[in-house]
A.B. asks: 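Below is the structure I would like to discuss, written out as structure tokens.
The model shown is predicted, which means the values in this text are computed figures rather than measured ones.
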Amino acid sequence: MASVERVRLEIAFEGQQVLSVYLPSATADDLDRSLAGDGDRSFTFDAEDGRYTLSLPRIVYVKRFARESRVGFGTVS
């Protein structure tokens with residue numbers, strides 16, 4: 001069974017609330033497309049800790065964290 005690559009997103013809403021979630025990278029891509037489009041006003045997805053439904057017009061920004069590339073305890077030269 002192949003593992004699904006997960007990414008961390010911070011989703012900021014009007015009123016200064018921020019939601020931090022880990023979800024499959026494909027779902028993060030779907031959210032990006034939904035925010036760029038003129039279609040639905042909500043977006044529903046499953047994360048590690050449950051199901052979320054977001055009101056797209058209330059989102060101020062989405063931060064997608066880069067995957068950590070180092071493994072172990074090394075020093076940077």
A.B. asks: Please identify each residue that fulfils salt bridge (charged side-chain N to carboxylate O under 4.0 Å, His left out) with R8, with sequence neighbours left out.
C.D. replies: E10

A.B. asks: How about Q16: does its CD atom have over 12 heavy atoms from other parts shown lying under 6.0 Å from it?
C.D. replies: no

A.B. asks: Can you tell if the side chain of I59 reaches within under 4.5 Å of the side chain of F13, non-hydrogen atoms only?
C.D. replies: yes

A.B. asks: Taking the side chain as every heavy atom from C-beta outward, state whether I11 and L31 have any pair of such atoms under 4.5 Å apart.
C.D. replies: yes

A.B. asks: May I have all residue pairs that pass side-chain hydrogen bond (donor to acceptor under 3.5 Å, both in side chains) and include part of residues 24-34, sequence neighbours excluded?
C.D. replies: D29-R64, D30-R33

A.B. asks: Determine which pairs satisfy salt bridge (Lys or Arg N to Asp or Glu O under 4.0 Å) with at least one residue from residues 54-63, sequence neighbours left out, and list them in order.
C.D. replies: E14-R58

A.B. asks: Considering only residues two or more places apart or on different chains, which pairs with a residue in residues 18-44 satisfy ring pair (Phe, Tyr, Trp, His ring centres under 6.0 Å)?
C.D. replies: F43-F45

A.B. asks: Consider only side-chain heavy atoms of I, L, V, M, F, W and Y, link residues closer than 4.5 Å, and tell whether L19 and F65 are in one cluster.
C.D. replies: no

A.B. asks: Name each donor-acceptor pair under 3.5 Å that joins a side chain in residues 46-56 to protein atoms two or more places apart or in another chain, with its distance.
C.D. replies:
residue : atom : partner : partner atom : Å
D46     : OD1  : R51     : NE           : 2.9
D46     : OD2  : R51     : NH2          : 3.1
E48     : OE2  : R6      : NE           : 3.3
D49     : OD1  : Y52     : OH           : 3.1
D49     : OD2  : Y52     : OH           : 2.9
T53     : OG1  : T44     : OG1          : 3.0

